[in-house]
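In what follows, a structure is listed as structure tokens, so that the remarks can point back to it.
To find a chain, count down the sequence lines: A is the first, B the second, and so on, and within it residues start at 1.
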There are 2 protein chains.
Amino acid sequence: MNFTIQKALIAVTDGYTTLDVQVVNGIITAIGEDLDVIGTAINGEHKLLLPGFFNAHTHSSEKWQRGVIPPLPLELWLAHLYDFAPLDTEQVYLSALGTAVETLLSGGTSVVDHLVLIPGKEMETITTVVRAYQEIGIRAFIAPLIQDESLTAGMPTGELTQNHEPYFRSTAETLAIIEEAVIKFHRPDEGINILVAPTGIQLCTDALFTGCIDLSNRYNLCRHSHLLETKAQEKLAAEKYGCSAVEHLNRIGFLSDRTSLAHCVWLTDADIQILAETQSTVVHNPLSNLRLGSGIAPILKYRQAGVNVTFGCDGASSNDSQDLLEAIKIGSILHNVTDFDYQLWITPRQAVEMAALGGAKGLNIDEKLGSLTVGKKADLVLYDLTSLSLLPRTDPIGLLVLGRPVNVVNSAWVNGKQIIADGKVTTINVDELRQELFNRSQWETRGKSPTVAQIESHYRQVMGL
Amino acid sequence: MNFTIQKALIAVTDGYTTLDVQVVNGIITAIGEDLDVIGTAINGEHKLLLPGFFNAHTHSSEKWQRGVIPPLPLELWLAHLYDFAPLDTEQVYLSALGTAVETLLSGGTSVVDHLVLIPGKEMETITTVVRAYQEIGIRAFIAPLIQDESLTAGMPTGELTQNHEPYFRSTAETLAIIEEAVIKFHRPDEGINILVAPTGIQLCTDALFTGCIDLSNRYNLCRHSHLLETKAQEKLAAEKYGCSAVEHLNRIGFLSDRTSLAHCVWLTDADIQILAETQSTVVHNPLSNLRLGSGIAPILKYRQAGVNVTFGCDGASSNDSQDLLEAIKIGSILHNVTDFDYQLWITPRQAVEMAALGGAKGLNIDEKLGSLTVGKKADLVLYDLTSLSLLPRTDPIGLLVLGRPVNVVNSAWVNGKQIIADGKVTTINVDELRQELFNRSQWETRGKSPTVAQIESHYRQVMGL
């Protein structure tokens, strides 16, 4: 558990320096020149050391449908996703491992898994991903995705009357599942966290939100939700509440310094002020926002208003990858086209801080994680700067963020435990994982989705298409 | 030279099938089931076969500055780039190889290198990249970047009077260099092509454009140029011509079915009609357009108007990678936020066609390249569908385009010659290349650029910042 990284390149103001880093019992105990070697000596030469990033919003089990859903906006994409047969727990296990591997190999050491629960096997689903994340050793923030309204309720009605089937599980039962999961699995010191995570205003009643707030307060849990990902959700909020979704969530007390909100594409300036005042965090998922045509989240405005922003890959069927460096790159440069004044554009160093410290802030653990600081937990990543994709040598962070790094993570540690060494995951057998993913799937092209066919004309009408 | 790929997955209407492909003397001679093995047998099992893509716009030598220029708009980014010391020919050689390797490993078999010429060593620069591309074996379209006005002439004057230093080389000398390069190196059948490639209206006189048109007509050369990459260039065109840049280029006869135009961000609907009528090709460089804040090119409008569109990585200091699959992904999904009607969005199969056949069309060789068709040249890529990044198995083209494929190119052939086998480049020693790139560079962070400092206040004033 103890080790000393020697002669790693470390970012300092306006440049880089070569330093050693000591880790004892999972904590960074010293950073300096020519430190005594405590524990294992790690060669940091020609390597860049950074704090681990947060994949701050994903849905691991969507990996089974990645690449297969055609270009559709969220509401129809979701209908298409609903057509796939429910997964079994073994699939959930494998996709959690796969999500963790891709996150780790792209600089992430923490994952927020907004976890889709298998109907009727909710606790087994949670138990399965806890096992997967413990085995591989990534820091896990498991946010069981809950709702208490059925799919069609998530669409604005326009001037039409719509009847929605009641959701198959009651609000009380749902909250009971979450409380049981918290009691069984919420062990922050061991790297497993449970979050309360209603899917969003589009499919949740106030009763579910307030039940989650109550659990969050009683057990000191972080809160996670989707927020205003699409224009349709903006319309729906107006229909449902007569005010913006942000105003409503603020009124019922969901927003806080331990609340992270995925997407936040369709917020007004007043909404942004509310996020700033409540110290809520925005999780930017640029790739799924583009893929689903949701829009460009006003990230530069958030930053100017002092709202904390970090990055997520989102689920692998709306991205369709779990490469965190890709999300960081696109999430940085995408905003250069929304504001002509380049002085506001996100620099590579700012992007790294958003991905590391920003992620930690969003989970209210920035005192313990998110930077190379003595006393903080050792969630660390060493990047191999001799990789072809990081050559010739220029500005390592510039190239890591703006380039397209491939095979660059040499080593990674979570809580001081090494999970990647020499570019390979050490805790699980990735070749076996690959074989299992291969065996349990087949090449296919999906034709038309029956659920999409059912709701498409209503969607086009309401959205004015 | 002769080979037969057995049991490769090949896209057919609405699905995939498993077929063999015979290649004799660099030409696809048969595609079918259970073909006789002619030449070497290649195992295509669990692999997807596609025509090679075109990296249809790049500047190979910018690789030396990738990752190092801070977030700036094109005009200031270019000023920053000018501050770097001119390269030597050995550097040009190495960056051409590096650009080719990254292009090949991301599905490209052709590269259009809008090649920056070392002042005073113009012919040596061209000779050097010809050597590099011949050695590695990629199909090369070398487009020596020429201009006859100096840097500051590229900025709109606004209401200010600006004096620009004359360019150091005369228009006639420049054209003579291109003609000499054509005579020496333009050998389409051997995979080396020379293009006429004035950098763009911002830095070229009409004399240079018409000189290029003349060479193009005499030697049957393709034409390449930047076009309306930034809002500043739109302003400049209005100042310079009193009409749009497209109208002007059409008037002087530069547009044609062998003209490809990089960027095309700031075109009007009337401009788009002109591109359609002249059968010009748009090369979309989504990553540099975002990185430099140039804007989002109206690609869906181009497609609706019948304008041919293909993809480029652009130079590696404005992207800052040469991963063609990244450019194809972002160049596909970026436009889902500009038009809410998802029926217009680019599908993965359309993206593949744009990258392959669209690239061939832009270079007026779509009768010989760009699709898996009997009688066409064998520029082919086999993708390994057992790579972790392409698992679980879903829709292979969907996942190749929308995912983040890593280490997926198993084999590649250009003109029937194998250049990648088992995921490794076979024609050059990539480890030596890596070592050379490492040895000739150092980690650095650039402070303020003196040239940027000189022109920044003028830029801000003219652009209303």
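- With a 4.5 angstrom heavy-atom cutoff, B:Leu76 touches chain A only via side-chain atoms.
- Residue contact with chain A, scored on non-hydrogen atoms closer than 4.5 Å, involves the side chain of B:Asp323 exclusively.
- Contacts with chain B were tallied for A:Lys329, A:Arg440, A:Lys231; A:Lys329 has the most, counting heavy-atom pairs under 4.5 Å.
- Between chain A and the residues B:Asp320, B:Leu437, B:Leu388, the largest count of heavy-atom pairs under 4.5 Å involves B:Asp320.
- Of the listed residues A:Gln435, A:Gln322, A:His46, the one with more heavy-atom pairs under 4.5 angstrom with chain B than any other is A:His46.
- The most heavy-atom pairs under 4.5 Å with chain A, out of B:Gln91, B:Gln343, B:Glu102, come from B:Gln343.
- In this structure, the side chain of A:Arg393 engages the main chain of B:Phe438 through a donor-acceptor pair within 3.5 Å.
- Looking at heavy atoms from C-beta onward, A:Trp443 lies out of side-chain contact with B:Asp395 at the 4.5 angstrom threshold.
- A donor-acceptor pair under 3.5 Å is absent between the side-chain atoms of A:Arg404 and the main chain of B:Leu324, judged by distance alone.
- Most heavy-atom pairs under 4.5 Å with chain B: of the set A:Pro286, A:Pro73, A:Gly295, this distinction falls to A:Pro73.
- With a 4.5 angstrom heavy-atom cutoff, B:Arg460 touches chain A only via side-chain atoms.
- B:Pro71 touches chain A through backbone and side chain together, each having a heavy atom under 4.5 Å away.
- At a 4.5 Å heavy-atom cutoff, B:Asp339 makes no contact with chain A through either its backbone or its side chain.
- Residue contact with chain A, scored on non-hydrogen atoms closer than 4.5 Å, involves the side chain of B:Ile330 exclusively.
- Comparing A:Asn439, A:Val68, A:Leu391, A:Leu400 by heavy-atom pairs within less than 4.5 Å of chain B, the highest count is held by A:Leu391.
- In this structure, the side chain of B:Thr394 does not engage the main chain of A:Gln65 through any donor-acceptor pair within 3.5 Å.
- Considering only heavy atoms from C-beta on, A:Tyr342 stays 4.5 Å or farther from B:Met463 through its side chain.
- Using a 4.5 Å heavy-atom cutoff, the side chains of A:Val337 and B:Leu290 are in contact.
- Among the candidates A:Leu287, A:Thr347, A:Ile333, the residue making the largest number of heavy-atom pairs closer than 4.5 Å to chain B is A:Ile333.
- Contact of A:Ile397 with chain B is not made at all, since no heavy-atom distance falls under 4.5 Å.
- Neither the backbone nor the side chain of B:Val401 has a heavy atom closer than 4.5 Å to any heavy atom of chain A.
- The closest donor-acceptor contact from the side chain of A:Arg291 to the backbone of B:Leu402 lies at 3.5 Å or more, if one exists at all.
- Top candidate by heavy-atom pairs under 4.5 Å with chain A, chosen from B:Ser294, B:Ser389, B:Gly464, is B:Ser389.
- B:Arg66 places no side-chain N or O within donor-acceptor distance of the main-chain N or O of A:Leu399, the cut-off being under 3.5 Å.
- For A:His335, no part lies near chain B; criterion is any non-hydrogen pair under 4.5 Å.
- Across A:Ile346, A:Leu433, A:Asp431, A:Asn407, the residue that shares the most heavy-atom pairs under 4.5 angstrom with chain B is A:Asn407.
- At distances below 3.5 Å, not a single donor-acceptor pair connects side-chain atoms of B:Asn336 with backbone N or O atoms of A:Leu292.
- Across B:Leu72, B:Leu334, B:Val406, the residue that shares the most heavy-atom pairs under 4.5 angstrom with chain A is B:Leu72.
- Side chains of A:Lys63 and B:Pro392 form a contact here, defined as non-hydrogen atoms less than 4.5 Å apart.
- Comparing B:Val430, B:Leu385, B:Val101 by heavy-atom pairs within less than 4.5 Å of chain A, the highest count is held by B:Leu385.
- Residue with the most contacts toward chain A among B:Gly398, B:Ser441, B:Ser321: B:Ser441 (heavy-atom pairs, distance under 4.5 Å).
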